[in-house]
Number of protein chains: 2
Amino acid sequence: MFELYQLEQLLIVADCGTLSGAAEQLHLSQSALSRSMQRLEDEIQVPLFIRHKNKIELNENGWLAVDYAKRVMEQAHSMVSGIRDYDRKRHTIFVGSCAPAPLWEMIPALSSLYPDLTISSEIRDSQVLFQGLQDGVYHTIVLPYPVESPSIFCQKYEEEHLFFSLPPAHPLSGSKALSLKDLDGETMLLRAQLGFWNRVTDAKMPNTHFIVQEDAAFNELVKASALPSFTSDLVIQREGEAPNRVTIPIKDEEANVTYYCCCLMKSKALMRFLTQEAV
Amino acid sequence: MFELYQLEQLLIVADCGTLSGAAEQLHLSQSALSRSMQRLEDEIQVPLFIRHKNKIELNENGWLAVDYAKRVMEQAHSMVSGIRDYDRKRHTIFVGSCAPAPLWEMIPALSSLYPDLTISSEIRDSQVLFQGLQDGVYHTIVLPYPVESPSIFCQKYEEEHLFFSLPPAHPLSGSKALSLKDLDGETMLLRAQLGFWNRVTDAKMPNTHFIVQEDAAFNELVKASALPSFTSDLVIQREGEAPNRVTIPIKDEEANVTYYCCCLMKSKALMRFLTQEAV
DNA sequence: ATGCCTTACGTTATACGTAATTATT
DNA sequence: AATAATTACGTATAACGTAAGGCAT
């Protein structure tokens, strides 16, 4: 049987039109390539080239062979990528969360518990997460409500409480507590990728103009801006109090969420990280 | 990139379950196969085997690799057979005839005119031949009637006249000439693969019982039998008079046919054989 | 004790590079 | 003269076989 490297060479030869050009691309001598193509013809037992004295060109068989070779090489490459993907997935824990905060402790906890595995996380709507858990897209998900199902293991993870983060000069910065609607209509800064929190703000602050900023630049932007924004107990726990900002509790019950960590019952072992200390 | 020989080896290993068994099938030493599979893993950069101290087995990646490898090897094999088929067809003249007799001279004539080509012939119904000519299935066909079409080149080839071949003891063996219906109802010997002649006999001799015999054994059977059969001027020209048989002309006009040789106008050059002497 | 896999080491086969040859532009 | 392909010959590399070692049944 011929070998894949010969098919690769054939494709380059077809592309170049000359052996010498193809040989150069292949970092191979002209003569080596010439003989390699001869061996290919010998293997198939059919001429693939029309040989002139100082010119070689593909004949009809040759062009057909090129078509076949492309398909075989594609197959071979998709074999490599397919297996690599499969292996990667086998070594990855896929986590889906309705909000960013739970991931901050979960990912390190899972990493330290499964040091050989990769943790892949994404923030999605709760319904998408729930469906994805059942479809095997996620190994574990974090929802803002508990799930009751015999096939799903669900456990309370942590709470998060939303606060307004106001510049001291803001008219309401002296308040003890505020409602979401109290700031509705203003322009606010908002982190990107907030997950289900966006549902809350959209519902309760329909007239607010949100300037959405990626996580990385968000804190800088807040520091340099006089616009109100949000923070939460988990954010503060992670990043400390924002300098030059007043943190004011939000009275709405939507501002308080309890996260629940779920996985399929058969993967219950995964949840060991809940009972261990995070690193 | 890995090579096809490694995929072939992988398939045998998967089939055998052990390296030593596979190595034997592959006429290869155990150690060579062991290293070859290690190289395969190195190429894909993913483990394919679970290695115990004195046992090796495919892991999940490995089984997936086997699936892929099967497909790649199939592709490679179909590449070889596809190209060979294509090449063979490029070197074959496909001839279709409504009856066997015209082929007896045509095939040698074409062979001597195109010594590098293979001649493939078959006997089919006239409509099938006509369609096949237009579809490119046949390069040239022989019909029992002329064709008038601007895209088809058609030329008279030769005539054939049907005779009864009777044993001397047959009641009608003294006749000067007979009609097909004169023998209808008897049991007759008939060559297989007679093409359009079968239409004639079926139509005009509906009550006759035909014992059909392959060409090879037909003459022997006729010699040893007292049953009537057919012959023709072209058969006699080819094989000589049958011994101990009386040849009687058939009066029906269907017993006389003129063969026409047709090809697509664009392949008219093919028909040079018509103007040359047969070998 | 036998079977099975891996590793080390020396060998062989196969593909390679260099160079010479021929032919074309 | 320059470009391009093939062929001959010596070489290098990559796969191979043998043999040794470890481990399990």
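Below, chains carry the letters A, B, ... as their sequence lines are ordered, and counting in each starts from 1. Nothing here was measured: the structure is a model prediction, and the numbers come from that model.
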| query | Would A:E24 and A:S20 count as having a side-chain donor-acceptor pair, cut-off 3.5 Å? | reply |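 Note: A:E24 and A:S20 side chains miss the donor-acceptor criterion.
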
Just how far, in rounded Å, is [atom2] of [N] from [atom1] of [X]?
X: A:I50; N: D:dA5; atom1: CD1; atom2: P; result: 14 Å
X: A:H52; N: C:dT22; atom1: NE2; atom2: C1'; result: 16 Å
X: A:Y5; N: D:dT13; atom1: OH; atom2: C1'; result: 13 Å
X: B:K53; N: D:dA24; atom1: NZ; atom2: P; result: 8 Å
X: A:Q30; N: C:dT21; atom1: CD; atom2: P; result: 16 Å
X: B:Q9; N: D:dA14; atom1: CD; atom2: C1'; result: 14 Å
X: B:Q38; N: C:dT6; atom1: CD; atom2: C1'; result: 7 Å
X: B:L33; N: D:dG17; atom1: CG; atom2: P; result: 10 Å

What nucleotide, of [options], holds the atom closest to the side chain of [X]?
X: B:L19; options: C:dC5, D:dA5, C:dT18; result: C:dC5
X: A:I56; options: C:dA15, D:dA5, C:dT6; result: D:dA5
X: A:T18; options: D:dA5, C:dT7, D:dT6; result: D:dA5
X: A:S20; options: D:dA5, D:dT7, D:dC16; result: D:dA5
X: B:R35; options: C:dC16, C:dC9, D:dA5; result: C:dC9
X: B:L28; options: C:dC4, D:dC16, D:dA8; result: D:dC16
X: B:A32; options: C:dT18, D:dC16, C:dC16; result: D:dC16
X: A:S29; options: C:dT18, D:dC16, C:dT6; result: C:dT18

Return the minimal non-hydrogen interatomic distance between [X] and [Y], and the atom names on each side.
X: A:M73; Y: A:L11; value: CG-CD1, 3.9 Å
X: A:R191; Y: A:L194; value: O-CG, 3.4 Å
X: B:L4; Y: B:V72; value: CD2-CG1, 3.8 Å

| Are the side chain of A:Q6 and the backbone of A:E3 linked by a donor-acceptor contact shorter than 3.5 Å? |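 Present.
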
| query | Counting just side-chain N and O atoms, does A:R51 come under 4.0 Å of either OP1 or OP2 of C:dA23? | reply |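 For C:dA23, OP1/OP2 do not have a side-chain N/O of A:R51 under 4.0 Å.
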
| field | Of B:N54 and A:S31, the one whose closest DNA chain D nucleotide lies more 5' | value |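 It is A:S31, whose closest nucleotide lies nearer the 5' terminus.
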
